[in-house]
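Have a look at the structure below, then the notes.
Residue indices begin at 1 and follow the sequence shown. Here the structure is a predicted model, which is why all the values come from computation and not from measurement.
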Amino acid sequence: MSEFVRNVRLWFAPQEIRQEGRTPDYRFSLANERTFLAWLRTALALIGGGFAVDQFLPSLRWAWRAGLALGLLAAGVLCALRAINHWVRCERAMRCGEDLPASRFPAVLSIAVAVVAVAMVVIVLFGWAG
């Protein structure tokens with residue numbers, strides 16, 4: 001079974017992680033959980049931002065408004081999915097005494113948010129109304 005499929009299975013059965021390795025210091029597991037919750041807060045903020053762009057910028061051209069809103073909503077969805085995947089991978093690594101997994105996702109998410117922010121700055125400066 002591929003690593004990804006195995007991780008997705010563990011999203012819905014986290015008790016199976018206990019069968020691997022040994023229990024890490026609880027402080028590390030709780031820190032991993034706080035990181036997970038921080039990623040979820042970020043996802044909720046992105047989703048809220050997407051809805052805000054759509055609802056509170058009605059004078060913006062539809063294509064711009066939809067593009068910005070969908071970009072933020074997609075980033076929120078990806079962030080939420082990545083949160084649970086990262087939690088599982090880190091928990092498994094800690095239990096098995098391995099290095100924590102590296103990820104490019106924070107950089108990708110940062111770039112996506114920066115692109116949306118730059119687009120919004122341009123819109124505010126040039127006042128592109130519909």
Side-chain angles (χ1 to χ4, degrees):
M1 178 180 339
S2 78
E3 190 72 20
F4 177 74
V5 172
R6 185 163 186 253
N7 284 341
V8 171
R9 277 197 24 223
L10 291 174
W11 295 1
F12 302 101
Q15 68 277 5
E16 289 184 23
I17 294 175
R18 292 183 177 164
Q19 297 171 3
E20 297 184 35
R22 59 183 177 75
T23 303
D25 185 331
Y26 289 109
R27 293 173 293 183
F28 298 122
S29 288
L30 292 172
N32 189 29
E33 187 173 328
R34 284 191 301 273
T35 302
F36 165 74
L37 294 172
W39 279 103
L40 282 185
R41 284 190 301 272
T42 301
L44 288 170
L46 289 165
I47 291 167
F51 281 119
V53 165
D54 184 53
Q55 294 299 309
F56 298 119
L57 296 175
S59 61
L60 190 61
R61 286 186 189 159
W62 180 86
W64 279 101
R65 190 175 75 231
L68 292 172
L70 289 174
L72 289 168
L73 291 169
V77 169
L78 290 174
C79 192
L81 293 174
R82 181 65 177 125
I84 187 64
N85 189 49
H86 188 70
W87 177 82
V88 166
R89 292 174 59 215
C90 287
E91 196 65 29
R92 286 186 64 228
M94 288 188 297
R95 294 190 69 82
C96 296
E98 300 170 354
D99 290 339
L100 294 178
S103 174
R104 289 186 205 105
F105 186 75
V108 171
L109 180 63
S110 296
I111 290 168
V113 169
V115 166
V116 170
V118 167
M120 293 186 78
V121 166
V122 168
I123 289 169
V124 167
L125 288 176
F126 293 105
W128 287 340

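- The heavy-atom pair separating Cys90 from Leu100 by the smallest distance is O-CD2, 4.0 Å.
- In this structure, Phe56 stands alone, with no Ile, Leu, Val, Met, Phe, Trp or Tyr side-chain heavy atom under 4.5 Å from its own, directly or through other members.
- Placement of Ile47 and Leu72 in two distinct hydrophobic clusters is found when ILVMFWY residues are connected by side-chain heavy-atom separations under 4.5 Å, directly or transitively.
- Residues passing the side chain to side chain contact (heavy atoms under 4.5 Å, CB included) test with Leu44: none are found, sequence neighbours excluded.
- No chain of hydrophobic side-chain contacts below 4.5 Å, direct or via other Ile, Leu, Val, Met, Phe, Trp or Tyr residues, connects Val118 to Val115.
- For Asp25, the side chain to side chain donor-acceptor pair (under 3.5 Å) criterion is met by Arg27, not counting sequence neighbours.
- A continuous path of ILVMFWY side-chain contacts below 4.5 Å connects Phe12 to Ile84, so both sit in one hydrophobic cluster.
- Atoms NE2 and CG, from His86 and Leu81 in turn, are 14.5 Å apart once rounded to the nearest 0.5 Å.
- Taking CG from Leu68 and CG from Leu73, the interatomic distance works out to 11.0 Å, rounded to the nearest 0.5 Å.
- Listed by first then second residue, pairs satisfying ring-ring contact (aromatic ring centres under 6.0 Å, His included) with a partner in residues 98-121 read Trp39-Phe105, not counting sequence neighbours.
- For the residue pair Ala69 and Gly50, the shortest heavy atom distance occurs at CB-O, 3.3 Å.
- Linking ILVMFWY residues whenever their side-chain heavy atoms come closer than 4.5 Å, directly or via other members, places Trp64 and Val53 in the same cluster.
- Listed by chain and residue number, Asn7, Leu10, Trp11, Ile17, Arg92 satisfy the side chain to side chain contact (heavy atoms under 4.5 Å, CB included) test with Val88 (two or more places apart in sequence, or in another chain).
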Mind listing the side-chain donor-acceptor pairs of residues 28-36 below 3.5 Å, one per line with the distance, residues two or more places apart or on another chain?
residue: Ser29; atom: OG; partner: Glu91; partner atom: OE2; Å: 2.8
residue: Asn32; atom: ND2; partner: Trp87; partner atom: O; Å: 3.1
residue: Asn32; atom: ND2; partner: Glu91; partner atom: OE1; Å: 3.1
residue: Thr35; atom: OG1; partner: Ala31; partner atom: O; Å: 3.0

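- Within the structure, every pair that satisfies the side chain to side chain donor-acceptor pair (under 3.5 Å) test and touches residues 69-83, not counting sequence neighbours, is listed here: Arg82-Ser103.
- Annotation: side chain to side chain contact (heavy atoms under 4.5 Å, CB included) contacts of Arg41 (sequence neighbours excluded): Leu37, Ala38.
- Looking at Val113 and Leu46, their side chains come closer than 4.5 Å, going by heavy atoms from C-beta outward.
- Asp54 meets the side chain to side chain donor-acceptor pair (under 3.5 Å) test with Arg65; sequence neighbours excluded.
- A salt bridge (Lys or Arg N to Asp or Glu O under 4.0 Å) check over residues 103-114, counting only residues at least two apart or in different chains, returns nothing.
- Legend: residues meeting side chain to side chain contact (heavy atoms under 4.5 Å, CB included) with Ala102, ordered by chain and number and at least two apart, are absent.
- Clustering of Ile, Leu, Val, Met, Phe, Trp and Tyr by side-chain heavy atoms under 4.5 Å joins Val108 with none of the others.
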